[in-house]
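As a basis for the values below, the full set of heavy atoms in this structure was taken, side chains included, without hydrogen atoms, waters or symmetry mates. Below, chain A is the first sequence line, B the second, and so on; all start at residue 1. All values derive from a computational prediction rather than experimental measurement.
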2 protein chains.
Amino acid sequence: MKKLVTLKELSKELGVSVSTVSKALNNDSTIGHYTRERVERLARDRHYVPNEVARNFQQQRSLTIGLIVPNVLDQFFVQAINGVDEVASARQYTVLMSQTLDDERRANAILDQMRLDGVDGLISTITPTTTDLTPYRRLEKAGIPVVFMSRSPNDPACAQVTLLNDDAACNATTFLMERGHQRLAYLNGPPCVAASQQRRIGFERALIEQHRANDGLVYQPAGLTPTDTEQAIEALMALPEHPTGILTFKTYMALDAIAYLKRIYPERLNTVEFVGFSNLPLLKHLAHKPVASVEENPGLMGAESMRLLMQLMSDTPVTSTHIEIPGTLIVH
Amino acid sequence: MKKLVTLKELSKELGVSVSTVSKALNNDSTIGHYTRERVERLARDRHYVPNEVARNFQQQRSLTIGLIVPNVLDQFFVQAINGVDEVASARQYTVLMSQTLDDERRANAILDQMRLDGVDGLISTITPTTTDLTPYRRLEKAGIPVVFMSRSPNDPACAQVTLLNDDAACNATTFLMERGHQRLAYLNGPPCVAASQQRRIGFERALIEQHRANDGLVYQPAGLTPTDTEQAIEALMALPEHPTGILTFKTYMALDAIAYLKRIYPERLNTVEFVGFSNLPLLKHLAHKPVASVEENPGLMGAESMRLLMQLMSDTPVTSTHIEIPGTLIVH
DNA sequence: TTGTAGGCGTTATCAT
DNA sequence: ATGATAACGCCTACAA
């Protein structure tokens, strides 16, 4: 960041004042034709570009928004980032991104940093353990609006863009029942994540809607690791009438489950069917795969988050601060 | 970005000058004990944090680097981004990221934008079609160093971090020969990408080293789409003695090839073995998969790019502006 | 030990 | 139609 041409240099060279040059370049109507031409020509010749840092400083804004995600290696969030970026860059905003790795301390440090960097707004997921929202509050008190994406706090006052989890889970479950499965199960995600509960509710709603409330059971694995999933599957398979239609909180849980079945209960492999949340790109190459996946539309979620944030950053009144993105059932 | 506490406000409240407060907070040794204590206490009470935008402006730098990649949805680049981010954030740098989608016009617009944003340095891949380096030159003339990551121009004057393609291809090919394959083939990538040629050279070197120069052939598919790959495989299978050990420019080409074999030549499925570039995370779930993959270590590549850039941004003389990252053969 | 003054590049306000 | 001036928040010679 060195010797960029400045207004001052142009003005000196032209023998006019700095403010004249500035106005000429900003299409101020009070500048004479002749002067404007001269200014514009020289600016072009010298490859003048305004110094954004100075401009942002002067205008007390940065045309930058912050984006906080758990992990950029996660396909879901990569696509969400992409969606945010698309809308942001179309509106001349640049995106400052950081990952929390689901560590709350790290998240708070990032929030501080973003405030210092002078972002005009923030899109954030929260870590599963976060209950104290004061770091976010601090931002909002400083006039920096925050949109929670995908994962959001319980407080309904928070602007948020989330998946319509219960509907998606309900549809997926209904789909499994329509395929003829008599016994259903849902492998839940971490209890502290709101999406876990919402998907469970959708699962149960589907059962009730079909008047089969007793045909399904919710199993709560200890965690998201392959081992946790294997224990869950083992428990389900040990039942007198084991479920054959299984909804999983995440698609990769279904993959782990399938791998386990193949190893331990190969004879059941073709009788059990799975549906999971997240539509992974490599699924098409798999021999044994879930019969369907819930596409969570992360790109759309990111784009909508950015649009909502744009509204909040402008002073136009916002119609709704809660946006729910429907999931799409993809049958493989 | 509003009402952050400023030095001026602190100074007024304390009845001292702005510079005194500034110095006290910057550990200037000429400030008295008593005054310093008072200043520090009030700063803490008021949650004072220096305004980064103002500071960057004043110091004519931004503590920000630009990162330009083709596509954030590509696993390879996601991991590279991660590597960059790790090193950057450890050194208090923030990363401004944009994607070109391999469109040269878009890339040039991004380069302009990054210059305006006042990045202190840049890490970039180039689009396959880029030959005109003047947009990059312009940055360097403005004192902004550029590191090319993964893909780089032919000009050896450019600082770059790339995969040691020929060695990796050579190792992979040797591995296939050692597994007993008599006829080898290499499915190449786009000719305009330097990596394609380098990997071809490595493939051929392996054959020569084993004195089997006539046992391998290079096939140039029309592109990277599944259809292109299928045509290539069809051509290879039509040969009187079709190759059984096949190296592919990308692992997903191998996956497309395997899918095709399974469909059209199921009887040959177990006689042909593949090795491809890129170690995909979901590979472990596949029934039929490449026997090995070349791990391109994108995270390391990103980290090394950032380290090199840090050197270039400091004024310490740089030992080497070319870094080659070795590939690792992962046997599945 | 502390304060004053000037400057970083830009824009806005108010004179001329 | 143009120019002078101040201001944004911070740092740093230099002066007191």
- Message: Closer than 4.0 angstrom, basic N to acidic O: yes or no for B/Glu9 and B/Lys12?
- Response: no
- Query: Are A/Gln58 and D/dA6 close enough that a side-chain N or O sits under 4.0 Å from OP1 or OP2?
  - Reply: no
- Please tell me which of the listed nucleotides, D/dT2, C/dT10, C/dC8, lies nearest to the side chain of A/Thr35? D/dT2
- Nearest whole angstrom, please: distance from the P of C/dT11 to the CZ of A/Arg55. 4 Å
- Query: Whole-Å distance between D/dC11 C1' and B/Arg61 CZ?
  - Reply: 11 Å
- Item | OG-NZ distance between A/Ser17 and A/Lys23, expressed to the nearest 0.5 angstrom | 7.0 Å
- Roughly how many Å is it from CZ in A/Phe57 to P in C/dG7, rounded to a whole number? 16 Å
- Item | Nearest-Å distance for atom pair CD/C1', residues A/Gln59 and C/dA12 | 10 Å
- Message: Without decimals, in angstroms, what is the distance between B/Leu7 CG and D/dC8 P?
- Response: 13 Å
- Message: If you compare every side-chain N and O of B/Gln60 against the phosphate oxygens of C/dG9 (OP1, OP2), does one of them come in below 4.0 Å?
- Response: yes
- Determine the contact category for B/Thr6: base if any of its heavy atoms lies under 4.0 Å from a base atom, sugar-phosphate if only primed atoms, P, OP1 or OP2 are that close, otherwise nothing. sugar-phosphate
- Item | B/Ile65 and its side-chain contact (heavy atoms from CB on, under 4.5 Å) partner, picked from B/Thr94, B/Leu96, B/Val84 | B/Val84
- Query: What are the residues of residues 8-29 of chain B, sorted by number, that bring a heavy atom to within less than 4.0 Å of DNA chain C?
  - Reply: B/Val16, B/Ser17, B/Ser19, B/Thr20, B/Lys23
- Query: In a check of side-chain hydrogen bond (donor to acceptor under 3.5 Å, both in side chains) between B/Thr127 and each of B/Thr130, B/Thr131, B/Thr125, which one passes?
  - Reply: B/Thr130
- Query: Does B/Tyr48 make a side-chain N or O approach to OP1 or OP2 of D/dG9 shorter than 4.0 Å?
  - Reply: no
- Query: Rounded to the Å, how far apart are B/His33 NE2 and C/dT2 P?
  - Reply: 11 Å
- Would you indicate what B/Tyr34 reaches in the nucleic acid, counting non-hydrogen atoms under 4.0 angstrom: base, sugar-phosphate, or nothing? nothing
- Of B/Leu67, B/Asn82, B/Val69, B/Val72, which is the lone residue that meets side-chain contact (heavy atoms from CB on, under 4.5 Å) with B/Phe77? B/Val69
- Just wondering, are more than 12 heavy atoms of other shown residues or ligands nearer than 6.0 Å to CG in B/Asn154? no
- Item | Rounded distance (Å) that lies between atom P of D/dC11 and atom CG of B/Asn56 | 11 Å
- Task: Please check the phosphate of D/dT2 (OP1 and OP2 only) for any side-chain N or O of A/Thr30 closer than 4.0 Å.
- Result: no
- Value in whole Å for how far the C1' atom of D/dG9 lies from CD of B/Glu52: 12 Å
- Message: Check B/Glu13 with B/Arg46, please: is the shortest side-chain N to carboxylate O separation under 4.0 Å?
- Response: yes
